[in-house]
Amino acid sequence: MAPKKGAKLPVAAKKKAEKVVNPLYEKRPKQFGIGGALPPKKDLHRFVKWPQVVRIQRKKMILKQRLKVPPPIHQFSKTLDKNLATSLFKVLLKYRPEDKAQKKERLLKRAQAEAEGKTPELKKPIVVKYGLNHVTYLIEQNKAQLVVIAHDVDPIELVVWLPALCRKMEIPYCIVKGKARLGTIVHQKTASVLCLTSVKNEDKMEFSKILEAIKANFNDKFDETRKKWGGGVMGSKSQTKTKAKDKVLAKEAAQRMT
């Protein structure tokens, strides 16, 4: 008897391929219930109770973003770029002042020379000057050739007026990252301000190039920076809310127009 039209032909049942189980390796799934296996390690970075110093630093950083920062304080967030800063610090390291051991050695040599009846050399070395009062005096006397200010001085009021003074006296100044980095040059923990009064003849070419770049970045842009406010940046949640509100308002305005 011929099969009816449109009727499906019987399909042979497919045989399922049996999975070969290795008897040597028995499958033992972990049970993470009470008294069972230990749970896998998670990243608990978010739940760490950070030290108070770190928490204050982070809150301060967020506050600076949220609140409107006046131009005299906001200028300290614009620091010298990395390449220029490295070349500047290379020059500064050549003019490090003597540490305690070097001073002791120098005084011993001087004492020996005096004991032998010789006249010791009393030539004043060219070194980096530090200390806020001393640097301010050098700026006022127009002896400073370059002033380097740290961006993270606390309280900021100690150095907030220095850029304006340098601008008035027409002395090149720059703001660099890290008072601790400045401190390493003068054998101190931190240093808020450093100053160079002169350089050796072999470094004059390199130093003049650095001065030109610093003048272009800071002294020449003083009028621009003293008008520029900082901060006023809201968080991601607030930004999404305001964007959503703006969308609704724009939609309503478009409907009114039509």
Side-chain angles (χ1 to χ4, degrees), residues 57 60-61 63-93 95-97 126-186 188-199 203-204 206-233:
Q57 280 174 351
K60 194 178 178 182
M61 190 178 73
L63 264 177
K64 275 187 178 178
Q65 286 175 352
R66 301 285 179 272
L67 300 173
K68 284 213 168 180
V69 183
I73 294 167
H74 179 61
Q75 68 180 335
F76 286 89
S77 61
K78 301 273 176 78
T79 53
L80 204 66
D81 63 279
K82 197 180 176 182
N83 296 330
L84 196 55
T86 21
S87 55
L88 172 66
F89 276 95
K90 273 181 186 176
V91 173
L92 290 174
L93 282 166
Y95 299 97
R96 289 182 90 182
I126 301 166
V127 289
V128 175
K129 311 290 179 186
Y130 65 100
L132 195 55
N133 289 343
H134 185 41
V135 171
T136 309
Y137 172 76
L138 290 169
I139 295 165
E140 285 170 349
Q141 296 296 312
N142 222 345
K143 289 178 182 177
Q145 285 189 11
L146 173 67
V147 177
V148 185
I149 310 163
H151 86 297
D152 56 346
V153 179
D154 192 37
I156 199 74
E157 287 83 6
L158 290 169
V159 291
V160 83
W161 45 270
L162 259 179
L165 180 67
C166 291
R167 161 81 175 173
K168 189 186 174 184
M169 302 302 289
E170 294 178 355
I171 291 166
Y173 75 93
C174 66
I175 296 159
V176 294
K177 279 190 177 178
K179 56 184 178 182
R181 197 178 177 190
L182 292 183
T184 52
I185 289 163
V186 291
Q188 301 289 325
K189 281 185 181 177
T190 56
S192 53
V193 193
L194 296 184
C195 166
L196 267 173
T197 50
S198 59
V199 287
D203 296 323
K204 274 184 179 176
E206 192 185 347
F207 187 62
S208 63
K209 284 178 184 175
I210 292 166
L211 282 183
E212 278 175 28
I214 285 167
K215 271 184 183 178
N217 285 336
F218 289 92
N219 290 58
D220 297 345
K221 290 182 180 178
F222 185 78
D223 291 321
E224 189 187 315
T225 50
R226 73 188 182 90
K227 292 173 188 174
K228 203 171 186 181
W229 282 69
V233 181

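All values below come from the heavy atoms of this structure, side chains included, with hydrogens, waters and symmetry mates left out.
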Of the non-hydrogen atoms in [X] and [Y], which two are nearest, and what is the gap between them?
X: Lys64; Y: Val69; answer: O-CG2, 3.5 Å
X: Ile175; Y: Gln75; answer: CD1-O, 3.7 Å
X: Leu194; Y: Val128; answer: CB-CG1, 3.9 Å

statement: Which of Ile149, Val153, Asp152 passes side chain to side chain contact (heavy atoms under 4.5 Å, CB included) with Phe76? Answer is Ile149
task: Would you mind telling me which of Val147, Thr225, Leu80 makes a side chain to side chain contact (heavy atoms under 4.5 Å, CB included) with Phe218?
output: Leu80
Nearest 0.5 angstrom please: [X] [atom1] to [Y] [atom2], how far?
X: Lys215; Y: Cys174; atom1: NZ; atom2: SG; value: 13.0 Å
X: Thr197; Y: Gln145; atom1: OG1; atom2: CD; value: 7.0 Å
X: Arg181; Y: His151; atom1: CZ; atom2: NE2; value: 11.5 Å
X: Arg66; Y: Met61; atom1: CZ; atom2: CE; value: 9.5 Å
X: Lys143; Y: Cys195; atom1: NZ; atom2: SG; value: 11.0 Å
X: Leu93; Y: Leu88; atom1: CG; atom2: CG; value: 9.5 Å

message: For Tyr173 and Ile139: C-alpha separation, side-chain torsions, deciding distance, then whether side chain to side chain contact (heavy atoms under 4.5 Å, CB included) applies.
response: CA-CA 11 Å; Tyr173 75 93; Ile139 295 165; over 6 Å; no
- prompt: Is the number of heavy atoms from other residues, nucleotides or ligands within 6.0 Å of CD (Gln141) greater than 12?
  reply: yes
- prompt: Do the side chain of Asn219 and the main chain of Ile171 share a donor and acceptor less than 3.5 angstrom apart?
  reply: yes
